[in-house]
2 protein chains.
Amino acid sequence: MKRVLLFTVLLIQTAFVCFGQETGNSVPASTNVAGADYPRIDPQHRVLFRINAPKATSVVVSLGNTALTKGDDGFWTGRTVPQTPGFLCYTIKIDGVELNDPSSETFYDAGHIYSCIEIPEQGVDFYDVKDVPHGDVRSVWYKAKSTGETRHAYIYTPPGYDQNVKQRYPVLYLLHGMNQDRRAWESQGRANFILDNLIAQGKAKPMILVMEDGGLAGINLAAHRSQNPAGSANGAAAQRPGGMDPFWNGFTKVMIEDIIPMVDARYRTLTDREHRAIAGLSLGGAQTYQISETHLDKFASIGVFSAAPFGFSGIATAYNGLLTKPEAFSKQVKVFYIGQGSEEGANAGRAIHEALDKAGVKNVYYEAPGTAHVFQTWRKCLYGFAPLLFQDK
Amino acid sequence: MKRVLLFTVLLIQTAFVCFGQETGNSVPASTNVAGADYPRIDPQHRVLFRINAPKATSVVVSLGNTALTKGDDGFWTGRTVPQTPGFLCYTIKIDGVELNDPSSETFYDAGHIYSCIEIPEQGVDFYDVKDVPHGDVRSVWYKAKSTGETRHAYIYTPPGYDQNVKQRYPVLYLLHGMNQDRRAWESQGRANFILDNLIAQGKAKPMILVMEDGGLAGINLAAHRSQNPAGSANGAAAQRPGGMDPFWNGFTKVMIEDIIPMVDARYRTLTDREHRAIAGLSLGGAQTYQISETHLDKFASIGVFSAAPFGFSGIATAYNGLLTKPEAFSKQVKVFYIGQGSEEGANAGRAIHEALDKAGVKNVYYEAPGTAHVFQTWRKCLYGFAPLLFQDK
């Protein structure tokens with residue numbers, strides 16, 4: 001079996017046994033790779049590190065910019081200050097070189113692959129894996145006819161989907177942020193567990209979630225071979241000619257002409273606009289404004305989480321002026337939900353919410369306490385948004 | 001949108017534009033993260049690197065132990081010797097510190113998270129993403145009653161599964177190697193594309209693939225919160241008390257009492273032994289010998305890829321002596337397939353194949369040309385094995 005070890009184990013490794021450091025009531029992070037005892041988290045949300053780097057002269061963890069201390073055994077240990085609960089990405093800097101922690105799972109965020117750690121929040125368990133029926137998250141490849149690309153989506157089908165073969169389901173299209181991809185809402189956002197738990201409690205209707213690569217290019221099969229099965233769409237992708245345009249008109253076109261028709265053909269969906277919602281975080285929130293504005297015939301519910309305001313042109317002009325007729329708007333838009341973190345500026349949503357209120361447009365506003373532009377905010381936004389959907393049908 | 005950049009970009013980064021190095025006919029690796037132009041692969045299977053590390057004094061890539069050369073711009077460039085085609089994991093060593101390449105997607109292998117690169121093999125395209133109908137790979141969470149754990153599986157349902165709601169399908173249980181997990185056969189092995197392509201050509205029957213965490217612990221919900229949604233099962237896992245026992249008796253029990261009943265209850269399977277097969281690579285091959293030996297009532301076809309021979313006790317005793325009665329064995333075992341790479345020793349399969357031949361036991365033997373104990377071997381084994389399955393029904 002040793003042949004499986006294809007190359008030497010990394011010099012920088014987290015130890016599997018703990019000694020030489022007071023671990024108290026700390027437990028290994030749930031984001032560790034199988035068997036890794038470090039990093040550990042204590043009840044005060046401090047993170048304990050223990051890293052083997054006998055030749056290093058300095059080891060600093062980016063969480064709280066924490067310098068570790070070298071022991072006689074060559075292991076560097078240390079504890080961060082208390083961290084804000086949620087999902088945090090980090091690096092380890094060894095002699096000035098920043099690197100990922102081989103003991104943590106990695107995630108695609110901010111355009112790179114990063115080590116990240118889950119810090120449990122006291123009293124908050126709506127995104128935990130619980131003993132409830134679980135939906136499946138499917139890795140789905142399909143041909144996008146409008147672009148000729150082969151594209152990749154993650155699609156959540158709710159518990160019971162495979163058993164209730166005559167039932168059709170409403171659909172929430174859930175968009176990620178800039179320099180993230182289809183994986184973010186599952187891996188970082190835990191959207192599947194949020195829905196599993198809400199559905200089990202009867203708080204949300206069983207629904208399908210669709211997560212795609214907003215604005216990233218798919219695969220042009222004529223030009224590529226042996227494409228990445230697990231990862232992002234490749235090729236020119238985010239850097240392709242046209243700057244940000246693929247994120248606006250490009251993705252809108254793919255959404256309307258490819259993604260929605262594929263989902264409606266391949267899965268048992270309810271295909272009227274009343275049973276279709278769209279929501280997104282950050283860049284995905286701005287896309288949500290833009291896509292729903294030009295295609296209000298396709299979506300009856302809208303969720304915008306920590307969106308940059310440039311997706312929204314203002315009360316007078318957004319939605320083709322429909323916001324100036326609040327009653328007409330509310331007749332079309334069943335749920336208009338705006339959320340952000342309390343540690344973000346008002347431009348992440350609060351300002352638009354206040355303008356909507358002032359204009360008499362019905363909307364739901366939520367502010368996640370104590371968090372900024374991070375997934376803990378967006379998990380809570382989804383948790384607030386999903387129960388409002390598809391309830392009058 | 002800049003707020004999405006949650007922390008400073010890694011010091012070590014691959015440039016998005018190329019200059020200062022002859023790139024020839026090279027193309028970005030399909031395993032790169034979106035937008036990354038390096039690493040690149042040329043037609044001679046050499047890998048080109050370009051890494052920004054202005055403060056470093058040495059940069060060495062583990063592929064061919066290739067030392068890069070520093071340019072005046074602070075970028076280190078270099079080209080490896082020709083690499084064996086297939087899926088290769090690697091590290092970059094900067095001033096003696098080994099780290100992952102933030103421009104490559106990462107994969108769980110050898111018990112760690114590694115950067116890996118796909119080197120296309122000339123004339124070999126059976127695992128490429130093609131313009132054919134694609135099955136879904138589902139991330140599936142379920143309660144294992146025999147252990148009380150919540151466990152995680154990846155399950156491939158073939159093209160048409162959601163449309164042909166009255167059709168039931170045969171199942172291949174596909175086991176990973178040591179220090180891998182449920183993700184390996186999809187991410188590294190491209191099992192879903194191999195099946196998509198074989199099914200589209202009419203060479204393999206549409207079948208379900210089940211990939212689980214052989215031998216790793218699932219999640220004990222009583223003890224854990226906010227478990228890893230994307231990654232491995234956590235907790236004690238591979239290091240839990242009992243040494244290798246969880247990989248033998250432990251996993252056999254989970255397979256028989258939990259995984260198979262869950263799959264048969266949740267998906268439209270054919271539940272007789274003639275429509276159930278088991279195969280595995282390396283440790284998973286040894287598990288395949290053990291599980292099929294004690295549960296021949298459950299599996300009618302067996303595939304063993306590069307297995308350590310200690311899963312197999314010898315002609316006289318394996319399968320409770322049934323190999324000494326070749327006709328009786330062949331009546332029960334429809335396909336007995338043994339594969340390995342030509343660059344592995346005879347103990348990876350050839351020796352057992354020769355012993356079976358000598359004993360008159362019908363078996364299929366395959367040797368992947370030019371590869372060793374790597375996924376390129378196992379992709380080819382699956383490509384040879386899958387078409388033999390479920391053909392006489």
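A note on names: the letters A, B, ... follow the listed sequences, proteins ahead of strands, and every chain is numbered from 1. Just so it is clear, the values below take in all heavy atoms, side chains as well, and ignore hydrogens, waters and symmetry mates.
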Q. Considering only heavy atoms, which portion of B/Ala265 lies under 4.5 Å from any heavy atom of chain A: side chain, backbone, both, or neither?
A. backbone

(Q) Please report the interatomic distance OG1(B/Thr106) to CD1(A/Ile113), rounded to the nearest 0.5 Å. (A) 4.5 Å

(Q) If I take atom OH from residue A/Tyr267 and atom CD from residue B/Gln163, how far apart are they, to the nearest 0.5 angstrom? (A) 8.5 Å

**Q.** Ring geometry between A/Trp141 and B/Phe193 (parallel below 30°, tilted from 30 to 60°, perpendicular above 60°)
**A.** perpendicular

Q: Please look at B/Lys130 and chain A and tell me whether the side chain, the backbone, both or neither of the residue comes under 4.5 angstrom of a heavy atom of that chain.
A: backbone

Q | Trace of the side chain to side chain contact (heavy atoms under 4.5 Å, CB included) decision for A/Arg266 with B/Asp136 | A | CA-CA 11 Å; A/Arg266 200 150 148 177; B/Asp136 292 355; 2.6 Å; yes

Q. At a heavy-atom separation under 4.5 Å, does B/Tyr161 approach chain A through its side chain, its backbone, both, or neither?
A. side chain

Q. OG1/A/Thr157 to CG/B/Asp162 distance, rounded to the nearest 0.5 angstrom?
A. 7.5 Å

(Q) Using 0.5 Å steps for rounding, measure from the OG atom of A/Ser139 to the CZ atom of B/Arg138. (A) 12.0 Å

Q: Write down the atom of A/Leu99, the atom of B/Glu98, and the distance for their closest heavy-atom approach.
A: CD1-O, 3.7 Å

Q. Under a 4.5 Å heavy-atom cut-off, does chain B meet the side chain of A/Ala56, its backbone, both or neither?
A. neither

Q.
Nearest 0.5 Å, please: how far is CG in A/Asp95 from OG1 in B/Thr57?
A. 10.0 Å

